[in-house]
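What follows is one structure encoded as structure tokens, with my remarks underneath.
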Number of protein chains: 2
Amino acid sequence: MEIPAPRRTRIQQEKRELILEAALEVFATNGFRGSTIDQIAEAAGMSKPNLLYYFRRKEDIHETLMQRLLDTWLAPLRELDDVGDPLTELRSYIRRKLEMARDFPRESRLFANEILQGAPRIMPMLEGELKTLVDEKAAVIKGWMRAGKIAPTDPWHLIFSIWATTQHYADFDVQVRAVLGPDRGGDGRFEDAARFLEQLFIDGLKPKS
Amino acid sequence: MEIPAPRRTRIQQEKRELILEAALEVFATNGFRGSTIDQIAEAAGMSKPNLLYYFRRKEDIHETLMQRLLDTWLAPLRELDDVGDPLTELRSYIRRKLEMARDFPRESRLFANEILQGAPRIMPMLEGELKTLVDEKAAVIKGWMRAGKIAPTDPWHLIFSIWATTQHYADFDVQVRAVLGPDRGGDGRFEDAARFLEQLFIDGLKPKS
DNA sequence: CTAACGTTTGTCCAATCGGTCAAAATTTGC
DNA sequence: GCAAATTTTGACCGATTGGACAAACGTTAG
């Protein structure tokens, strides 16, 4: 099933990277249908026919971008392991996901766009690879619950809530910044979020009587 | 500042509703730029020029949809009140937001699309009306914390986390259903989510020793 | 140096886009 | 029942879309 990577010249490698970088920006903010080849070409500093020399169709760019994304995107969850203290393990998973939202917001938005549109291009991956991985990790978490290491609850929805809360800071960034205002909406917002999320997931909101 | 509603015939009222209903569906899945008037017209069962008789520009449809959305969208937060038990109050806010994700998923996706694209059309509202409302409710929550009714933490990020976790079930619905699979991804997923979120927000994950 | 190969560009195309307009069809007020 | 007002339609417009193509331009290996 492995597609052999075509031989490419130095220029081809560089230009393709340039295009993918530009396309990430454009697709992330406009979605696939809302983005034009001209926009991407301009962002990459080249003419449209030149871009089409490196990627023959608009879909090819998006597909390449998507394949790369999915690998790195699920890496943090793959790292979630049975070794070490469960609460610590979950805490660092949350932290890693939040760091990804901070460092790769465009990738997060690209993914969000694809899901919002009904995931027409990655549905098989969601039902296959992703589901398998989540089920696997849910089993690990269930083990922790049975061992009394963390409170018993639904592991799948726990994973959803971690995805939702962390990716929110990438996908809804403009809203977060607008609501926090210029003072609290600066660079410190990710540390505030990290502190808050840690407390939420570990202790919840009930006051320590 | 109140724009007087133009007089409209019965047909105009009905057809405009029909168009808005169709446009909600189309905009929610394709975004503004990714949607075409033809798509909306076909979904509404009328010809493009006929649609343009009721809304002269594509933007007018989107704007009308957005204005309506924002009122109902923030209603649950407006209801968050200082009367009654704080934990109960928050619990029912979460429940109401989750019910909105279940009952109005297209509205949620429409909003998500707008934010993802940088909120070009509602930025003033985010920085104005929304920020004011959230600041106001954050003050209420801070009062609860000072009174020892709930654990002290960041009220703004608390509100973000409630938005994120609940809207996730509308915006990322296809992913949720794909991961849960045909068995657990059925209609029961919202009750499972409600149970999980209640526990998360009240008690967190730390086991009761 | 030069021939082969890789890269870039301008031009062009059919399809689709948002939107206009006048005429036809329908509904409404009297 | 009829005239006025409203609604619907088909034909059309310029702009933009994704993409094709051959010609021009660079680069590189022998």
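Quick note on labels: first sequence line is chain A, next is B, and so on, each numbered from 1. Quick caveat: nothing in here was measured; it's all calculated off a predicted structure.
- Here the straight-line distance linking atom CG of A:D173 with atom CD of A:Q167 works out to 13.5 Å at 0.5 Å rounding.
- One interatomic measurement links the two molecules: CD of A:E14 to P of C:dT8, which rounds to 10 Å at whole-angstrom precision.
- Applying the ring-ring contact (aromatic ring centres under 6.0 Å, His included) test to residues at least two apart or on different chains, the pairs with a partner in residues 16-49 of chain B are B:F27-B:F32, B:F27-B:H62, B:F32-B:H62.
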Quiz item: What string of B, S and - do you get for nucleotides 16-21 of chain D 5' to 3' if you count protein non-hydrogen atoms under 4.0 Å?
Solution: -SBBBB

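- In terms of phosphate contacts, B:S47 brings a side-chain nitrogen or oxygen within less than 4.0 Å of OP1 or OP2 of D:dT9.
- OP1 or OP2 of D:dT8 lies within a sub-4.0 Å distance of a side-chain N or O belonging to B:Y54.
- With ring centers used as reference points, B:F190 lies 6.0 Å or more from A:H157.
- Atom OH in B:Y53 sits about 18 Å away from atom P in C:dA24, given to the nearest Å.
- Following rounding to the nearest Å, A:N50 (CG) and D:dG26 (P) show an atom-to-atom distance of 13 Å.
- Applying side chain to side chain donor-acceptor pair (under 3.5 Å) to B:D154 and the options A:Q199, A:R189, A:R184 leaves one that passes, A:R184.
- By the 6.0 Å and 45° rule, B:R16 stacks over the aromatic ring of B:F55.
- Distance, A:L51 CG to C:dT7 P: 14 Å, rounded to whole Å.
- Counting only residues at least two apart or on different chains, the side chain to side chain donor-acceptor pair (under 3.5 Å) pairs with a member in residues 128-139 of chain A are A:R78-A:E129, A:K131-A:D135, A:D135-A:W156.
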